[in-house]
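Comments concern the structure below.
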There are 2 protein chains.
Amino acid sequence: MAQGASAVAQKGGESLLFLTDEQLRKGIEAMFFAYRGFTADPDRILEEHGYGRAHHRAIHFIHRAPGTTVNNLLSILGVTKQSLNRVLRALVEDGLVEARVGHRDKRERHLYLTESGAALEQQLSDAQRERMRAAYRAAGPVAVAGFRQVLEAMMDPEIRRHFDRLTESGR
Amino acid sequence: MAQGASAVAQKGGESLLFLTDEQLRKGIEAMFFAYRGFTADPDRILEEHGYGRAHHRAIHFIHRAPGTTVNNLLSILGVTKQSLNRVLRALVEDGLVEARVGHRDKRERHLYLTESGAALEQQLSDAQRERMRAAYRAAGPVAVAGFRQVLEAMMDPEIRRHFDRLTESGR
DNA sequence: CTTGGAAAGTCAACAAGGCTGACATAAGAT
DNA sequence: ATCTTATGTCAGCCTTGTTGACTTTCCAAG
């Protein structure tokens with residue numbers, strides 16, 4: 001199976017990869033179809049609770065960086081504050097997220113998951129991790145390392161910074 | 001760099017991968033951020049033409065499988081026919097897609113890109129392939145193979161079938 | 001102390017692209 | 001010949017993204 005990477009030529013220490021349009025197209029389609037699988041399980045759970053992906057993203061990153069400000073979340077998610085606000089308001093009203101007014105700067109709202117917010121986060125990430133774990137197991141450790149490398153290379157540099165920042169603090 | 005895959009133990013021919021929640025979470029976030037990069041370039045081009053991602057998807061798969069029926073496209077894209085129809089209608093009206101009535105079964109419409117449709121497809125896929133190519137180059141051939149393996153393992157089985165089917169005919 | 005500007009939130013209006021329901025027409029089945 | 005199914009269309013609703021205008025709160029600099 002797999003047409004793999006086509007050819008590699010070493011030339012003065014610089015490796016050249018010859019990639020056909022067809023191979024790249026397959027990669028693009030793989031990305032498209034895999035993303036559908038990636039979101040499928042959380043989507044099902046969210047629907048039961050009357051939420052959408054926007055809520056999931058907010059919950060995920062609040063869990064990941066508790067006490068984050070709205071503005072920080074905004075730059076991670078890459079949406080407008082009006083858009084985020086609508087989602088956040090629903091989560092606060094439903095008691096999944098707590099927005100504490102900053103003590104240093106009272107304009108800021110620091111966001112935390114409540115107990116039930118954490119419970120939903122757990123449920124969502126359990127489902128998503130399970131799919132990820134299965135895929136990782138099926139593909140093997142070498143493939144996983146490659147997977148991560150390609151994904152990181154695919155990010156916009158600015159977004160890559162967010163990603164790396166989450167990693168540092170998250171370990 | 002990278003925490004890579006944690007540990008592998010060979011045990012009676014079956015390899016066990018020990019994956020921490022943290023590692024899996026990183027994979028999830030990588031997927032999220034990378035997908036943003038993945039769609040960023042086409043999104044910019046589409047906006048200039050007044051189209052969205054839905055149009056891109058339709059154009060992509062019509063290019064990929066010329067003469068495909070609406071129903072077939074439906075099952076690939078995983079949306080309702082009403083949703084697809086809106087997009088398709090716009091593309092036909094704008095002269096990017098031609099919908100020919102089937103001669104065997106006149107209920108069916110077979111879809112083809114017109115010349116200008118193919119031109120837009122080219123523009124979009126050039127941009128997306130360029131990002132893909134850069135990521136592939138940066139990560140190297142081994143990583144690319146792993147990338148593809150993990151993505152394929154992440155797909156829903158039913159969707160995976162679509163993916164494989166496109167590959168067969170597409171080469 | 002006043003004022004300028006940043007952070008946060010609100011309201012309104014709009015667009016894209018999902019969805020369901022109702023319906024027309026063509027094919028195939030009884 | 002008529003009933004049923006497949007296919008595609010039209011209309012309307014919902015979520016979630018957008019922009020723009022505006023208020024409130026607060027910090028900080030003049």
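Just so it is clear: chains get the letters A, B, ... in the order the sequence lines come, proteins before strands, and each one is counted from 1.
Checking A:G50 against A:K106, the closest nucleotide of DNA chain D that is more toward the 5' end is the one next to A:G50. For the pair B:Y51 and A:R86, nearest-nucleotide mapping onto DNA chain C gives the more 5' position to A:R86. DNA chain D is contacted by both A:V101 and A:L84; A:L84 maps to the nucleotide lying nearer its 5′ end (nearest heavy atom per residue).
Taking atom CG of A:L46 as the reference point, atom P of C:dG18 lies 17 Å away to the nearest angstrom. B:H55 has its NE2 atom 11 Å from the C1' atom of C:dA15, to the nearest Å. Computed from coordinates, the B:N85 CG to C:dG18 C1' distance equals 14 Å when rounded to whole Å. Between the P atom of C:dA26 and the CZ atom of B:R100 lies a distance of 21 Å, rounded to the nearest Å. Computed from coordinates, the B:D43 CG to C:dG17 P distance equals 9 Å when rounded to whole Å.
Within the 4.5 Å cutoff, side-chain heavy atoms of A:Y51 are placed close to those of A:D94. B:L166 has its side chain within reach of B:F61: a pair of non-hydrogen atoms, C-beta onward, lies under 4.5 Å apart. Looking only at side-chain heavy atoms (C-beta outward), A:H60 and B:F32 stay at 4.5 Å or farther from each other. Side chains of A:R160 and A:H162 form no contact here, defined as non-hydrogen atoms less than 4.5 Å apart. Residues B:V92 and B:E98 are not in side-chain contact: their nearest non-hydrogen atoms beyond the backbone lie 4.5 Å or more apart.
When each of B:Q122, B:E130, B:Q123 is tested with B:D126 by the rule side-chain contact (heavy atoms from CB on, under 4.5 Å), just one qualifies, namely B:Q122.
Both tests hold for A:R100 against A:Y112: distance to the six-membered ring centre under 6.0 Å, angle to the ring axis within 45°.
Taking 3.5 Å as the limit, the base of C:dA6 and the side chain of A:R107 contain a donor-acceptor pair of atoms between them.
Distance alone, capped at 3.5 Å, is enough to place a donor-acceptor pair between the A:T114 side chain and the A:L96 backbone.
Residue B:R57 has a polar side-chain atom (N or O) positioned under 4.0 Å from OP1 or OP2 of C:dG18. At C:dG9, none of the side-chain N or O atoms of A:R89 fall inside 4.0 Å of OP1 or OP2 (strictly under the cut-off).
The pair B:R129-A:D21 counts as a salt bridge, with a side-chain nitrogen and a carboxylate oxygen less than 4.0 angstrom apart.
Proximity of residues 69-82 of chain B to DNA chain D (heavy atom under 4.0 angstrom from any strand atom) is restricted to B:V70, B:N71, B:K81, B:Q82.
Heavy-atom contacts of chain B under 4.0 Å fall on DNA chain D between two terminal nucleotides, which in 5' to 3' order are D:dT5 to D:dA11.
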